[in-house]
*Asks:* 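Pasting a structure below so you can have a look.
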Amino acid sequence: MKRSLSLIAVGLLTFGSVFAEEPNNLRLVLLIGQSNMAGRGKVTPADQQTHPRIFMLDRACAWVPAKDPVHFDKPKVAGVGLCSEFARRYAAKETNAQIGLIPCAFGGTSLDQWKPGSDLYTNAVARTRVALRSGKLVAILWHQGEADSSASKIATYPARFSAMIAQLRADLGATDVPVVVGELGRYREPYAPFNAMLPLVTNAVPRSTLVSSEGLGCNDDKVHFSADALRVFGQRFFEAFERLAAEPALK
């Protein structure tokens, strides 16, 4: 795993060329976590259709029209993720807004692999700083926990997560940016204790909210949400973000 993360780090920090007319004034959305944030839903031709106001930061840190798979953490299995429907809902609601997705999730990773100073954290900050040249960070979307579902890790998760988010907000100069956290799939009973703990996470993190995974189905592997489920999840993430964004900013 360490070797693969090092390789992806090299790719993430290799800046590529940009459009002749580079997007600007983007509403930037940072995508972090593990495989169910990256997305493992089956890609259809419809998922390859682009939207004129939705962009993604590719592996070379260039803005390109967004289409699934948005993430590139594990190209052989990367697929539909929740971020695509989130962006579509955002663009439909804010008809003049341009959306910029910043994919940084990496499958199979634990929260400790996201702590400040780690490869994943460092690359997420670096990629977001590149993106900030073209817009403003408006949301951090997080889905992770399958790798932290043991009792010992659950017990310390709220403190570890809140510390990571506090540092991330500070490093990005985005104290008020909303944080949206999703439940693990309810199709696996062993994840129930982790989901039961998650309200403690959002209580510990100012201006954050939790999104339910109730009723969402999975792929045949019984680990990853299906493409249809991720589209619904993306809608729920956007609705939760919209409510949170309407609340007063932190002081």
*Asks:* Could you give the distance from CG (Leu120) to CE (Met164), rounded to the nearest 0.5 Å?
*Replies:* 10.0 Å
*Asks:* Treating Thr50 as the side-chain partner and Lys67 as the backbone partner, does any N or O pair qualify as donor plus acceptor under 3.5 Å?
*Replies:*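 It does not hold such a pair.
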*Asks:* Can Asn36 and Glu146 be counted as having a side-chain donor-acceptor contact under 3.5 angstrom?
*Replies:* yes
*Asks:* For the pair Ser134 (side chain) and Asn24 (backbone), establish whether a donor and an acceptor sit closer than 3.5 Å, ignoring hydrogens and angles.
*Replies:* no
*Asks:* Can a donor-acceptor pair be found between the side chains of Arg53 and Gln98 at a distance below 3.5 Å?
*Replies:*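 No, because no side-chain N or O of Arg53 sits under 3.5 Å from a partner of the opposite role on Gln98.
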*Asks:* Apply side-chain contact (heavy atoms from CB on, under 4.5 Å) to the pair Val138 and Val177, showing each step before the final yes or no.
*Replies:* CA-CA 6 Å; Val138 298; Val177 66; 5.6 Å; no
*Asks:* So, for Thr109 and Phe106, which heavy atoms are closest and what is the spacing to 0.1 Å?
*Replies:*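 Taking every non-hydrogen atom into account, OG1-O, 2.7 Å.
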*Asks:* Over all heavy atoms of both residues, which pair between Lys153 and Ala147 is shortest? Give the atoms and the distance, please.
*Replies:*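 It is NZ-O, 3.4 Å.
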*Asks:* Please report the interatomic distance CG(Leu57) to CG(Leu26), rounded to the nearest 0.5 Å.
*Replies:*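 Going from the CG atom of Leu57 to the CG atom of Leu26 covers 9.5 Å.
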*Asks:* State, to 0.1 Å, how close Ala204 and Pro206 come at their nearest heavy-atom pair, and which atoms those are.
*Replies:* O-CD, 3.6 Å
*Asks:* So, for Asp68 and Gly81, which heavy atoms are closest and what is the spacing to 0.1 Å?
*Replies:* OD1-N, 3.6 Å
*Asks:* Check whether any side-chain N or O of Arg27 sits under 3.5 Å from a backbone N or O of Ala91 as a donor-acceptor pair, and report yes or no.
*Replies:*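 Checked: no pair found.
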*Asks:* Which of these passes side chain to side chain donor-acceptor pair (under 3.5 Å) with Ser35: Arg40, Lys74, His224?
*Replies:* His224
*Asks:* Would Glu85 and Arg88 pass as an ion pair if we require N to O under 4.0 Å?
*Replies:*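 Here Glu85 pairs with Arg88 in a salt bridge, since their nearest N and O are under 4.0 Å apart.
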*Asks:* Check whether any side-chain heavy atom of Arg127 lies under 4.5 Å from a side-chain heavy atom of Leu132, and answer yes or no.
*Replies:* no
*Asks:* Distance alone, cut at 3.5 Å: any donor-acceptor contact between the side chains of Ser110 and Asp148?
*Replies:* no
*Asks:* When you measure from the side chain of Arg160 to the backbone of Leu111, do you find a donor-acceptor pair of N or O atoms at a distance under 3.5 Å?
*Replies:* no
*Asks:* In Å, rounded to the nearest 0.5 Å, how long is the span from CG of Leu216 to CD of Glu183?
*Replies:* 9.0 Å
*Asks:* Could you give me the CA-CA distance, side-chain angles and deciding distance for His143 and Val181, then say whether side-chain contact (heavy atoms from CB on, under 4.5 Å) is met?
*Replies:* CA-CA 6 Å; His143 194 282; Val181 178; over 6 Å; no
*Asks:* Among all residues two or more places apart in sequence or in another chain, which pass the side chain to side chain contact (heavy atoms under 4.5 Å, CB included) test with Ile154?
*Replies:*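 Only Pro193, Phe194, Met197 meet the side chain to side chain contact (heavy atoms under 4.5 Å, CB included) criterion with Ile154.
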*Asks:* Do any N or O atoms from the side chain of Thr209 and from the backbone of Leu244 form a donor-acceptor pair under 3.5 angstrom?
*Replies:* no
*Asks:* Return yes if a side-chain donor-acceptor contact under 3.5 Å exists between Arg186 and Ser212, otherwise no.
*Replies:* yes
*Asks:* How about Val70 and Ser84: do any of their side-chain heavy atoms sit closer than 4.5 Å?
*Replies:* yes
*Asks:* My understanding is that only one of Phe86, Phe241, Phe238, Phe237 makes a side-chain contact (heavy atoms from CB on, under 4.5 Å) with Val29; could you say which?
*Replies:*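 Exactly one option meets the side-chain contact (heavy atoms from CB on, under 4.5 Å) with Val29, and it is Phe86.
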*Asks:* Is any side-chain heavy atom of Val201 less than 4.5 Å from a side-chain heavy atom of Ser208?
*Replies:* no
*Asks:* Is any side-chain N of the basic residue among Arg207 and Glu247 closer than 4.0 Å to the acidic one's carboxylate O?
*Replies:* no
*Asks:* Under a 3.5 Å cutoff, is there a donor and acceptor pairing between the side chains of Asp47 and Thr44?
*Replies:* yes
*Asks:* Verify the neighbour count for atom CG of Asp221: are there more than 12 heavy atoms of other residues, nucleotides or ligands below 6.0 Å?
*Replies:*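 More than 12 heavy atoms, drawn from other residues, nucleotides or ligands, come within 6.0 Å of this atom.
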*Asks:* Would you say Leu101 and Leu31 make side-chain contact, with heavy atoms under 4.5 Å?
*Replies:* yes
*Asks:* So which heavy atom on Gly39 is nearest to which on Leu230, and how close?
*Replies:* CA-CD1, 4.3 Å
*Asks:* Look up atom CG in Leu28 and atom CG in Leu172, then write down how far apart they are to the nearest 0.5 Å.
*Replies:* 10.5 Å
*Asks:* Would Gln144 and Gln34 count as having a side-chain donor-acceptor pair, cut-off 3.5 Å?
*Replies:* yes
*Asks:* With side-chain contact (heavy atoms from CB on, under 4.5 Å) as the criterion, how do Met37 and Ile32 come out once you've worked through the C-alpha distance, each side chain's angles and the decisive distance to 0.1 Å?
*Replies:* CA-CA 7 Å; Met37 175 55 75; Ile32 50 178; 6.0 Å; no
*Asks:* Residues two or more places apart in sequence or in another chain: which of them pass side chain to side chain contact (heavy atoms under 4.5 Å, CB included) with Lys136?
*Replies:*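 Result, side chain to side chain contact (heavy atoms under 4.5 Å, CB included) vs Lys136: none returned.
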*Asks:* Can you find a heavy atom in the side chain of Val179 that is under 4.5 Å from one in the side chain of Thr202?
*Replies:*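 The answer is no; the side chains never approach within 4.5 Å.
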*Asks:* Is a donor on one side and an acceptor on the other found under 3.5 Å between the side chain of Tyr121 and the backbone of Leu168?
*Replies:* yes
*Asks:* If you take all heavy atoms of Ala227 and Lys42, which pair is closest and at what distance?
*Replies:* CB-O, 3.6 Å
*Asks:* Parallel under 30°, tilted from 30 to 60°, perpendicular over 60°: which one fits the rings of Tyr157 and Phe161?
*Replies:*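 Answer is parallel, since the angle falls under 30°.
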*Asks:* Would you compute the distance between atom SG of Cys104 and atom CG of Asp73 and round it to the nearest 0.5 angstrom?
*Replies:* 10.5 Å
*Asks:* Before accepting this row, confirm whether a basic side-chain N of the pair Arg231/Asp228 lies closer than 4.0 Å to the acidic partner's carboxylate O.
*Replies:* yes
*Asks:* Apply the test side-chain contact (heavy atoms from CB on, under 4.5 Å) to residues Leu82 and Leu141: give CA-CA distance (whole Å), side-chain angles for both, the deciding distance (0.1 Å), then the verdict.
*Replies:* CA-CA 10 Å; Leu82 65 89; Leu141 308 188; 4.2 Å; yes
*Asks:* Hey, is the main chain of Val223 close enough, under 3.5 Å, to the side chain of Tyr187 for a donor-acceptor pair?
*Replies:*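 Judged by distance alone, yes, a pair lies under 3.5 Å.
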*Asks:* For Phe225 and Phe233, take the angle between the two ring planes, folded into 0 to 90°, and tell me which bin it lands in: parallel under 30, tilted 30 to 60, perpendicular over 60.
*Replies:*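 If you compare the ring of Phe225 with that of Phe233, the planes turn out tilted.
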*Asks:* Please check if the number of heavy atoms outside Glu189 that lie under 6.0 Å from its CD is greater than 12.
*Replies:* no
